[in-house]
Asks: 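Attaching a single structure in structure tokens format; questions to follow.
A, B, ... follow the sequence lines: proteins, then strands. Residue 1 opens every chain.
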Amino acid sequence: MIETVIRKRIEVLTDTALVNRVTSAIDEAGITGWTVTPVQSGKGREGRWREERVMGTDKVLVLTIASQEKAMALAEDLAPILSTHGLLLTMWDVEVIRGDRF
Amino acid sequence: MIETVIRKRIEVLTDTALVNRVTSAIDEAGITGWTVTPVQSGKGREGRWREERVMGTDKVLVLTIASQEKAMALAEDLAPILSTHGLLLTMWDVEVIRGDRF
Amino acid sequence: MIETVIRKRIEVLTDTALVNRVTSAIDEAGITGWTVTPVQSGKGREGRWREERVMGTDKVLVLTIASQEKAMALAEDLAPILSTHGLLLTMWDVEVIRGDRF
Amino acid sequence: MDVTAFQTFTSPVVLFFILGLLAAFARSDLAIPEALAKGMSLYLMAAIGLKGGVAVSKSGLDVTVILALAAGIAASFLLPLIAYAVLKGFGRLDQVNAGAVAAHYGSVSVVTFVTAVEIYELRGTPPGGFMVAVMAAMETPAILTGLLLARSAMKTRQQKTSELLHEVFFNASVVLLLGAFLIGMITGPSGFDDVAPFFEAGFKGVLCLFLLDMGLIAARRIMDTQALTWRLGAIAIALPLVNGLIGTLLGAGIGLDTGSTAALGILCASASYIAVPAAMRLALPEADPGIYLTMSLSITFPFNILVNIGLVATFADALTGRGVGLP
Amino acid sequence: MDVTAFQTFTSPVVLFFILGLLAAFARSDLAIPEALAKGMSLYLMAAIGLKGGVAVSKSGLDVTVILALAAGIAASFLLPLIAYAVLKGFGRLDQVNAGAVAAHYGSVSVVTFVTAVEIYELRGTPPGGFMVAVMAAMETPAILTGLLLARSAMKTRQQKTSELLHEVFFNASVVLLLGAFLIGMITGPSGFDDVAPFFEAGFKGVLCLFLLDMGLIAARRIMDTQALTWRLGAIAIALPLVNGLIGTLLGAGIGLDTGSTAALGILCASASYIAVPAAMRLALPEADPGIYLTMSLSITFPFNILVNIGLVATFADALTGRGVGLP
Amino acid sequence: MDVTAFQTFTSPVVLFFILGLLAAFARSDLAIPEALAKGMSLYLMAAIGLKGGVAVSKSGLDVTVILALAAGIAASFLLPLIAYAVLKGFGRLDQVNAGAVAAHYGSVSVVTFVTAVEIYELRGTPPGGFMVAVMAAMETPAILTGLLLARSAMKTRQQKTSELLHEVFFNASVVLLLGAFLIGMITGPSGFDDVAPFFEAGFKGVLCLFLLDMGLIAARRIMDTQALTWRLGAIAIALPLVNGLIGTLLGAGIGLDTGSTAALGILCASASYIAVPAAMRLALPEADPGIYLTMSLSITFPFNILVNIGLVATFADALTGRGVGLP
Ligand SMILES: Nc1ncnc2c1ncn2[C@@H]1O[C@H](COP(=O)(O)O)[C@@H](O)[C@H]1O
Ligand SMILES: Nc1ncnc2c1ncn2[C@@H]1O[C@H](COP(=O)(O)O)[C@@H](O)[C@H]1O
Ligand SMILES: Nc1ncnc2c1ncn2[C@@H]1O[C@H](COP(=O)(O)O)[C@@H](O)[C@H]1O
Ligand code: NA
Ligand code: NA
Ligand code: NA
């Protein structure tokens with residue numbers, strides 16, 4: 001049987017304009033990597049956004065796998081801009097294989 | 001230390017044609033928002049679908065963060081069309097920051 | 001109240017070139033289906049990859065819902081190529097409705 | 001007919017379609033990005049709409065146009081009835097699936113029409129510009145007939161009728177085709193000149209790449225499908241033959257020129273694979289897309305492109321006396 | 001003026017914009033894929049840059065060009081001051097939102113400029129090629145003024161100034177416009193001939209599809225918004241009128257020809273909806289995009305396309321004596 | 001040579017490439033959407049294939065063509081041997097990475113070829129149409145040599161050979177290039193006329209935007225990479241020089257005209273960055289893409305575009321006696 005370990009998976013929904021800020025926070029937290037996936041549309045307190053990507057208001061989802069401790073450091077670091085910049089952060093426990101990488 | 005609270009994350013895989021039905025169910029459940037992410041291809045009981053997006057049979061993933069109670073209301077509301085319309089719904093607990101928003 | 005059951009959700013980040021290998025492993029594990037979602041960019045031990053999709057080095061995320069047992073069989077099957085081929089596998093428990101399908 | 005068939009197979013447009021089919025059968029990884037395929041189909045609809053509108057702004061609307069519109073709408077309403085009977089009887093489909101498939105065969109395929117126009121222009125029998133409006137008018141009536149046929153068997157929460165009608169009348173292709181048609185009528189030939197290098201000169205080249213993609217998709221679908229029986233395969237060949245015949249007779253009957261007669265024939269012969277499947281997903285979710293998409297897209301569409309466009313033209317020649325069409 | 005207004009509404013470019021507006025209001029699902037829309041805007045910027053550079057390589061740079069650049073930069077720096085006063089006073093916005101909106105109205109909209117050039121060429125008063133460089137130069141100064149106006153009210157972690165300046169000076173549209181302009185100057189008319197079929201012949205057609213998309217987006221946004229008051233709506237009409245007037249006076253004052261005068265007017269009248277919103281997201285995240293995007297994109301942009309391009313032209317005619325422009 | 005070098009740097013195609021390099025080095029956010037970049041590369045391959053096929057349908061196939069094909073295939077098989085020796089020795093790579101990189105240098109870059117053809121046409125020495133077939137034939141043999149060289153060091157679960165051969169022979173670019181080539185041969189000049197406005201008139205313009213993207217990608221990769229040593233950088237310049245020399249000698253040796261000789265030279269000089277990396281991901285996952293992509297894409301590709309296309313042409317002139325090529 002292979003062995004799995006528990007790590008945190010963090011997903012941050014962010015404006016494309018802010019993606020560098022999020023990924024550099026990940027780098028600073030000492031996390032090994034991150035992956036950016038596209039987003040199509042959404043609705044929040046500011047109403048719907050849909051086709052505004054021509055206008056530079058499109059969003060992406062940044063996902064990263066990290067140890068509990070680094071994940072909390074990242075969340076701590078991003079917390080102040082979460083509400084001001086309309087970011088959405090969720091995190092949960094996942095099993096990974098070869099957990100020493102993260 | 002920042003404080004996190006537990007919320008449900010629900011993801012619904014749905015035909016693009018049905019996305020309005022799903023998002024209005026989310027709105028009706030009183031959930032604050034939702035986010036739509038793209039999907040490329042897949043395989044299910046009906047076989048593979050891959051390049052059929054020109055044909056209006058493409059799918060998307062709708063994700064929403066809600067309280068346990070609202071999440072169950074949403075699941076309840078969508079349950080009848082899950083099998084008839086080929087939707088796929090998964091939900092799990094996540095930690096969020098500023099949980100009062102959801 | 002609708003009834004939900006617990007299943008495993010597995011997500012594998014993989015080079016587009018290897019997606020057939022991953023999906024056939026899913027098929028062989030007897031899992032009912034899978035869904036492929038796109039990925040935009042990322043950073044790992046090999047550095048950033050961003051715009052190299054013209055070059056055939058783009059990645060996708062393959063997600064599949066399965067019973068605990070089939071999920072472990074899949075993880076077991078993919079384990080040997082995880083590090084050699086730069087795959088990233090995470091899995092966690094989710095609630096699904098109509099769990100008999102999976 | 002020999003000439004037509006020959007012309008079909010030396011047209012780059014058709015050859016790119018065949019290349020797509022062969023590449024998919026050889027399991028090549030050749031693929032056109034989704035955004036591009038959608039973009040090309042928007043381009044083709046805008047261009048065909050504009051060209052039709054400009055043509056009508058020159059020729060004016062007359063009684064022939066009204067008759068052609070009426071004939072097209074009637075055909076779209078009624079052709080699903082034949083299809084339904086065959087699908088339930090010979091095809092052994094249940095009521096819901098038979099209704100869903102029937103709707104596809106009453107509606108039309110824009111790309112089949114566009115390819116036919118290209119080939120008919122090469123032959124010297126171009127269809128009238130107003131046939132674009134006929135095509136747009138034929139897209140949706142069949143959906144209503146198909147739903148009526150399937151309805152009594154429907155069990156799930158009903159799609160609100162108003163919602164469905166809205167979806168049907170304001171779907172992207174109807175809006176773009178008719179909108180561009182109107183723009184063409186308003187700007188006329190002089191306004192069109194400005195945009196002609198884009199919408200006219202590029203047209204056939206874009207059609208080549210689009211048909212390459214359609215060939216890839218049609219062939220991949222048929223290789224992946226499990227839903228198709230030989231009976232359904234046979235119907236997917238028979239219906240375009242029969243419907244093409246009916247359409248051509250109808251066109252000749254109301255006095256259309258050769259090219260427009262053939263165009264009405266190919267509109268009746270063609271089956272929708274964009275607008276109708278989208279409507280069926282909403283209104284008849286119990287119907288199996290594996291059946292209706294594979295029939296319309298993987299069998300009827302290639303059959304029309306490779307064989308039936310030529311057959312219908314030959315038949316229209318015979319009925320109208322070739323040379324009547326304005327070259 | 002009658003002629004101009006009439007020409008505007010028979011131009012396919014404007015008609016496609018109206019089609020987009022109507023389709024969105026009718027809640028049609030017509031949509032242009034994102035990648036395509038981005039691609040079209042890159043194409044338009046490369047083409048307009050190239051054409052401007054080639055024109056300048058023919059005419060050479062002289063004192064008029066320097067004056068036009070100086071006038072454009074000054075306008076971009078100063079126009080936000082007027083806008084800010086109106087937005088805080090009559091518009092009842094707070095300091096941060098007033099500063100953010102003001103930055104949009106000092107900057108420019110590439111597509112408004114491009115559409116105006118098309119229409120002014122039809123009228124026989126084409127603007128000088130150097131106006132492309134003026135447009136590129138006007139994109140960013142307004143951002144700095146807007147930030148200064150909003151700054152004292154900013155509470156969050158400050159964007160590093162160097163980072164922001166970099167973003168502002170190397171943003172995609174400035175780089176592409178100026179880069180293509182330089183390439184046009186280097187290659188000159190002979191080098192441009194090679195690529196003219198792509199960048200020149202296709203231009204108006206691409207603009208049609210792009211404006212179709214802009215119409216869809218502008219109308220959808222205004223239907224979805226909750227942030228807009230009638231006061232802000234009125235300002236979004238008044239500012240392009242006033243700024244257009246100022247710009248036209250400025251152009252005539254420094255002795256530009258009719259077409260270039262009108263072009264400077266429309267640059268002042270237009271509001272950014274790409275570069276400035278992106279900068280505001282970074283530098284003024286507290287400002288509400290629902291306000292600045294809806295004003296610039298859903299009100300000012302359509303008003304400029306449908307009405308103001310014609311008004312500014314008429315005014316420029318009067319000020320410069322029509323016929324001065326080289327047809 | 002002066003003339004060639006000068007022409008290279010006033011060609012808009014090359015200038016857009018330089019713009020891309022500079023924009024990326026300045027850390028601008030300019031980017032071409034992925035779908036568009038893929039679409040442009042499909043367009044370029046379809047167009048170059050068609051044009052080659054049409055040219056061959058005019059000139060016919062003769063012994064020269066057979067010789068050129070044989071020479072190209074032999075070069076693709078054998079050039080990796082030289083590369084491998086240098087990479088292991090001077091470059092200090094291990095067996096697996098040396099094999100992987102060697103495969104890239106035996107194969108070809110479609111865009112380098114296409115750019116060279118544009119520039120050679122400007123010089124009055126256009127290569128023969130059959131060189132497109134030579135290019136398609138040279139894409140894959142090198143992959144086999146590279147794998148043989150690396151194989152004994154491979155540890156992981158072997159890719160099934162049949163699977164790999166399939167991937168290699170039916171990969172998208174081979175299928176599209178050869179398919180379009182055959183279509184061009186079948187339809188000939190008359191069939192091509194229909195689609196020429198799209199595939200011919202737009203060609204250089206699309207190439208401009210594509211090279212803009214390539215410049216952005218090449219520069220960003222070299223800024224992000226950590227894998228590159230100065231030894232490998234030097235090899236990435238030396239190999240195209242040596243291979244270009246060998247290819248030109250080969251072309252002159254089998255009696256090709258000036259343009260085709262230079263084209264064979266640049267095919268040998270160019271390194272793959274699409275087909276081969278994809279194959280290596282499958283077959284040699286242990287090899288580091290950071291090495292092979294950075295070398296082929298960020299060093300060899302720009303070197304070929306900016307310098308080597310001109311050098312090879314000059315050398316081909318000398319060997320064949322300029323003026324032999326049909327202008
Ligand atoms: N900790 C991480 N969290 C999320 N994605 C990651 C992480 N590490 C690596 N990745 C992704 O996996 C890819 C390959 O990683 P690597 O094998 O380390 O080069 C990267 O390009 C990222 O997209
Ligand atoms: N409850 C939610 N679940 C999922 N996504 C959300 C939720 N609320 C907001 N979002 C996303 O976050 C974006 C910004 O939200 P807001 O800050 O509320 O305007 C929205 O446009 C949505 O895409
Ligand atoms: N076990 C699964 N895991 C992930 N996605 C699935 C699974 N089963 C089905 N799907 C997705 O749901 C779609 C519809 O499935 P079905 O209703 O079985 O045809 C498929 O095309 C897949 O994209
Ligand atoms: Na039909
Ligand atoms: Na302005
Ligand atoms: Na080579």
Asks: Which pairs with one or both residues in residues 85-94 of chain B pass salt bridge (charged side-chain N to carboxylate O under 4.0 Å, His left out), sequence neighbours excluded?
Replies: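 Salt bridge (charged side-chain N to carboxylate O under 4.0 Å, His left out) check on residues 85-94 of chain B returns B:Lys8-B:Asp93.
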
Asks: Looking only at heavy atoms, which two atoms of A:Pro38 and B:Pro38 are closest? And how far apart?
Replies: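 The pair with the smallest heavy-atom distance is O-CD, 3.3 Å.
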
Asks: With only heavy atoms counted, which part of B:Thr64 is less than 4.5 Å from chain A, the side chain, the backbone, both or neither?
Replies: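 Interface part for B:Thr64: neither.
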
Asks: Could you pull out all residues at least two apart from A:Thr37 that satisfy side-chain hydrogen bond (donor to acceptor under 3.5 Å, both in side chains)?
Replies: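 With sequence neighbours excluded, A:Thr37 shows a side-chain hydrogen bond (donor to acceptor under 3.5 Å, both in side chains) to no residue whatsoever.
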
Asks: Contact part of A:Leu88 toward chain B, heavy-atom cut-off under 4.5 Å: side chain, backbone, both or neither?
Replies: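 Only the side chain of A:Leu88 comes within 4.5 Å of chain B.
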
Asks: Please flag which part of B:Val60 lies under 4.5 Å from any non-hydrogen atom of chain A: side chain, backbone, both or neither.
Replies: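 Answer is side chain: those atoms of B:Val60 sit under 4.5 Å from chain A.
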
Asks: Give, for atom CD of A:Glu11 and atom CD1 of B:Ile65, the distance between the pair rounded to the nearest 0.5 Å.
Replies: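 Here the rounded value is 8.5 Å.
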
Asks: Check step by step if side-chain contact (heavy atoms from CB on, under 4.5 Å) holds for B:Thr23 and A:Lys43.
Replies: CA-CA 9 Å; B:Thr23 56; A:Lys43 204 198 88 170; over 6 Å; no

Asks: Which bit of B:Leu63 is near chain A, if near means a heavy-atom gap under 4.5 Å: side chain, backbone, both or neither?
Replies: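 Looking at B:Leu63, just its side chain touches chain A.
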
